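When a ligand or atom number is given, it counts from 1 through the structure's own listing order. Just so we're clear, the structure is a prediction, and the values are computed from it rather than from any experiment.
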Amino acid sequence: MTTQLHPYSKATAARPAVESAGHVIDTSNLTRHTFFRGRVAMAAILRGLGVKAGDDVLIQAFTCIAVPEAVISLGARPRYVDVEPGTPNMDPHDLAQKIRPDTKAVVIQHSFGLPADVERLAGITADAGVPMIEDCAHTIASRVGGQLVGSFGAGAFYSYEASKPVFVGIGGSAISNDVALSAALDRLYPEYAEPTQATQLQLLAMFVAHRIAYRPSTYWTVRGLFRALVRAGVIKGNYNKVEAESGPSDDFSRKMGSLQQRLLASALERVESQSNHRRWVAAQYRTEINSAGVTHLAVQPGVDPVFGRYPVLVENKAAWIEGAKDARVELADFYSTPIHPLSGEGLLKVGYEPGSCPNAEWVAGRIVSLPTGLQVDHGQVKRAADYFNR
Ligand SMILES: *Cc1c(COP(=O)(O)O)cnc(C)c1O
């Protein structure tokens, strides 16, 4: 087997555009309404659409707690739509069954950067007269029919924590494709407070520490350390306690600090070149991982996924995750439940009834994902492929 070289060497990493796509992402949209976290950006969009206490918002099962948390922060109710069988994205059939005239918004998700069936989902929401929002936490650059994700609905949001394609410590952006929503975000934005200097410096420390310590081969060590620091209260974790009675976390009243904004502006300049790297890494995984026990996800014609992480389906997920620690292969388990990381009582608290979205439960039991970022070179791909193919 020949070793394939990365098509864009470090020397050309600042290349601004994706030639194949024909046009450049306008990242200025992403720096206009920035928030403390992705979930805060999502809640701001819902507020901008007029969602209030008691309203119903449809989201997909196979998501993380941040998404229902954003709905619950407004006193609204998350309702769950199942994913398409064998995929991590919303099922248009189930959406058509569950959408109602009084549904206030539908949040679709491009899980791992694999675009959802946006055209059909948008058709269903448009017919029902309900605004659609795109959760772009896992990708900035994926396209469907040449059109960027994030541009199909009324608005979209992005996240910039460590496991996301662009990392600034913690943060999120909201964008709108709709004049009324855009005006509403302009009107609401001044209500959001700047985080304290101490918080901004803490996030900067997280950013720097992660930059220094993280490589795919140190993933398990860094993750263990991160969790220990969260438990010790030194840094902020990814999961807030979500209970309607205790009220929303303070996070929901904050915008992104100016320090993180500067990191974001500079990181966004590299999105196009990093996306090319992610495309290349995903293509390598697709050809090199060829074990009969591993299923790659189908990519529909006309879809250009830029995977924030590269997902595959396996049987015996827990055993693969355990083995990856010993083999020092970065293999993530999320989402491991329909609303990660909740189980049992926790699911009921965010309004998810166990068994109600069987496809989401099936995929959560089988999906694992590999990194696609700039730290992943051909050696890392080989290591992962050897692990799966042995
Ligand atoms: C990470 C994530 C979010 C929210 O991100 P935060 O910045 O942590 O609030 C929302 N949706 C999905 C699918 C995510 O993975």
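For N29, there are no side-chain hydrogen bond (donor to acceptor under 3.5 Å, both in side chains) partners at least two apart in sequence or on another chain. The side-chain hydrogen bond (donor to acceptor under 3.5 Å, both in side chains) search around Q261 returns T34, not counting sequence neighbours.
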Would you give me the side-chain donor-acceptor pairs under 3.5 Å for residues 350-357, sequence neighbours excluded?
{"from": "Y352", "atom 1": "OH", "to": "C357", "atom 2": "N", "distance (Å)": "3.0"}
{"from": "Y352", "atom 1": "OH", "to": "E361", "atom 2": "OE2", "distance (Å)": "2.5"}
{"from": "S356", "atom 1": "OG", "to": "E353", "atom 2": "O", "distance (Å)": "2.7"}

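Not a single donor-acceptor pair under 3.5 Å links the side chain of D56 to the backbone N or O of T103.
Taking the six-membered ring for Trp and the full ring otherwise, F307 and F112 have centroids separated by 6.0 Å or more.
With H277 as reference, L374 is the one residue of T372, L374, V306, D377 to meet the side-chain contact (heavy atoms from CB on, under 4.5 Å) rule.
Within 4.0 Å of ligand 1, contacts by protein heavy atoms are made from R37, G38, R39, C64, A66, V67, Q109, D135, A137, H138, F157, S159, E161, K164, G171, Y335.
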